[in-house]
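For reference, the structure discussed in these notes is given below.
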Amino acid sequence: MIRTDRIVIVGAGIGALYAALELAPRPVLMISPEALGDGASSAWAQGGVAAAMADSDSPEAHAADTLRAGAGTVDAEVAAMVAQVARDHILDLTARGTPFDRDATGAYVMSREAAHSAARVVRVAGDQAGRQIMETLIAALRDSPSVQVIEGALATRLETDGDRVTGVWVASARAPSGEALIAAPAVLLAGGGSGGLYAQTTNPPRIRGQVIGMAARAGARMADPEFVQFHPTSFDIGEDPAPLATEALRGEGATLITRHGQRFMPDVHPDAELAPRDIVARAIFAEAQAGNRPMLDTRAALGETVLTRFPGVAETCARAGIDPVTQAIPVAVAAHYHMGGIAADARGRSSLGALWACGEAASTGLHGANRLASNGLLEALVYARAAARDIAHTVPMRAAEPVALSLPEGGHAPDPEAVDDLRRTTTAHVGVRRNAGGLRAALRVIARLEAAHGNDPTFCNMTATATLIAAAALARTESRGGHWRDDFPEPDPAFAHRTMIRLSEAFAIREAAQTEAADASS
Ligand code: SIN
């Protein structure tokens with residue numbers, strides 16, 4: 001065991017980096033599974049950060065759009081607060097050197113994305129916002145002697161004393177063989193969401209619900225785990241993870257067509273391709289199921305400019321042998337963002353003492369059942385700062401030497417076949433389209449896999465998160481936002497509220513599904 005007075009931050013995406021900088025000069029220890037800058041979902045975010053920067057826009061309109069997209073379960077106070085402070089965060093990132101796109105007058109160039117009533121997304125080099133913001137923050141961090149980063153280490157579980165977190169267990173991220181306990185005065189979980197629990201995802205390979213699962217296993221309260229957002233337009237080119245074709249393309253007028261060249265969104269929603277993301281995702285899913293191979297067509301709207309204005313998209317096209325100037329891009333729905341996660345209050349506090357959460361790992365009430373595009377990075381920034389300030393107020397500052405950590409190697413990452421089985425099961429039964437039979441079947445598979453691999457804490461973090469998603473989805477007998485039940489296709493006003501659940505309750509739902517199957521076969 002290593003004891004430190006550093007604040008431990010688990011994760012290395014935008015929330016983690018921003019919080020570490022906000023905490024400076026207080027000593028911080030960041031736990032990053034990969035080299036800094038690699039492996040975080042934030043770096044893959046193409047769209048940008050939603051903020052009412054234009055004179056014609058307002059935080060009130062931004063909050064109203066957030067509420068509308070969220071399908072009845074957004075916390076209105078949270079939406080108002082986040083929209084109000086968005087501008088400050090953009091100015092702060094600008095002052096730190098983020099090269100946001102500007103026009104000839106110096107005004108921010110704003111992208112339009114689905115369900116926004118205005119062009120409201122600040123961006124960098126078209127589709128490079130996530131990577132560029134990360135680079136800015138990493139450069140600042142390298143100049144911050146208060147922050148120690150341990151790369152190649154994976155947090156596996158939390159140490160608790162009653163309802164208080166007292167430390168984090170870590171192992172080698174490459175070939176874990178044994179764990180070490182880092183005892184610390186405060187832990188901030190900022191390690192991303194759960195997209196990689198699905199076979200079709202836009203998230204980096206390590207983002208598989210581990211941080212959410214770790215907090216759940218320690219007894220923290222979870223919020224809205226059933227609300228998973230599926231992005232309508234990931235590249236359908238056989239890659240895992242599936243590269244993203246940003247929604248900003250549709251904001252520029254790109255259309256969705258079948259392989260026969262027919263547009264289908266105008267028949268589905270008055271906003272057509274710019275309808276809320278859950279609606280577009282379901283339409284794409286339906287076209288794919290009907291064998292119509294949905295495609296994103298940028299030809300008329302962008303022509304050759306797609307190559308220079310969206311370099312990330314152009315690079316993926318080149319790799320896949322698609323010429324977007326003359327060809328439409330095949331697309332599929334992919335797990336993209338987890339609205340649910342560790343229940344976090346306005347200060348980023350979880351229900352456990354000494355444990356804070358921010359970014360996709362947290363659920364603050366901002367996103368409801370369907371996150372408004374580009375509110376994800378914004379929420380990470382807002383709650384990273386809130387958590388850092390709260391930690392600074394509550395934890396006495398002490399000088400701390402760098403932590404010397406040597407993690408034994410030679411072991412194995414979770415069994416790849418078990419992970420594949422888990423991912424196929426969630427996609428088949430806990431994905432875009434859900435029903436009671438499929439959700440119960442998924443819970444039984446998750447329980448079986450967990451029983452077979454229960455000695456691997458990393459795998460148990462994944463199964464804990466998968467259990468929370470499936471159990472809460474089974475309990476929500478209605479359809480709302482990204483949660484679509486074909487056996488309960490309408491929203492039910494009685495469910496127009498957030499879910500609050502602990503893992504023990506999700507396990508009880510899972511056990512009931514197992515008992516039911518045993519009874520049926522006896
Ligand atoms: C996108 O660029 O389409 C994704 C933006 C987001 O998920 O917020």
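All ligand and atom numbering here is 1-based and tracks the order in the structure.
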Short N-O contact, D492 and R476, less than 4.0 angstrom
no

Salt bridge check, R485 against E478: does any charged N sit closer than 4.0 Å to a carboxylate O?
no

Against the six-membered ring of Y108, is R102 placed for a cation-pi contact (under 6.0 Å from the centre, within 45° of the normal)?
yes

Could you tell me which atoms of ligand 1, counted from 1 in the order shown, lie closer than 4.0 angstrom to a heavy atom of H231?
1 (C), 3 (O), 4 (C)

Atom indices of ligand 1, in the order listed, that fall short of 4.0 Å to a heavy atom of H336:
4 (C), 6 (C), 7 (O)

Got the closest protein heavy atom to atom 8 (O) of ligand 1, with its distance?
S374 N, 2.6 Å

For atom 2 (O) of ligand 1, the protein heavy atom that lies nearest, with its residue and separation
T246 OG1, 2.6 Å

Nearest option to atom 6 (C) of ligand 1, as decided by whichever heavy atom of E247, R277, Q46 sits closest:
R277

Has R221 got more than 12 heavy atoms of other residues, nucleotides or ligands less than 6.0 Å from its CZ?
no

For D55, does the CG atom have more than 12 heavy-atom neighbours from other residues, nucleotides or ligands under 6.0 Å away?
no

Considering all heavy atoms, the nearest G191-A361 contact:
N-CB, 4.2 Å

Heteroatom proximity flag, G47 to ligand 1, N/O under 3.5 Å
yes

In this structure, does ligand 1 have an atom that sits under 4.0 Å from one of the heavy atoms of A373?
yes

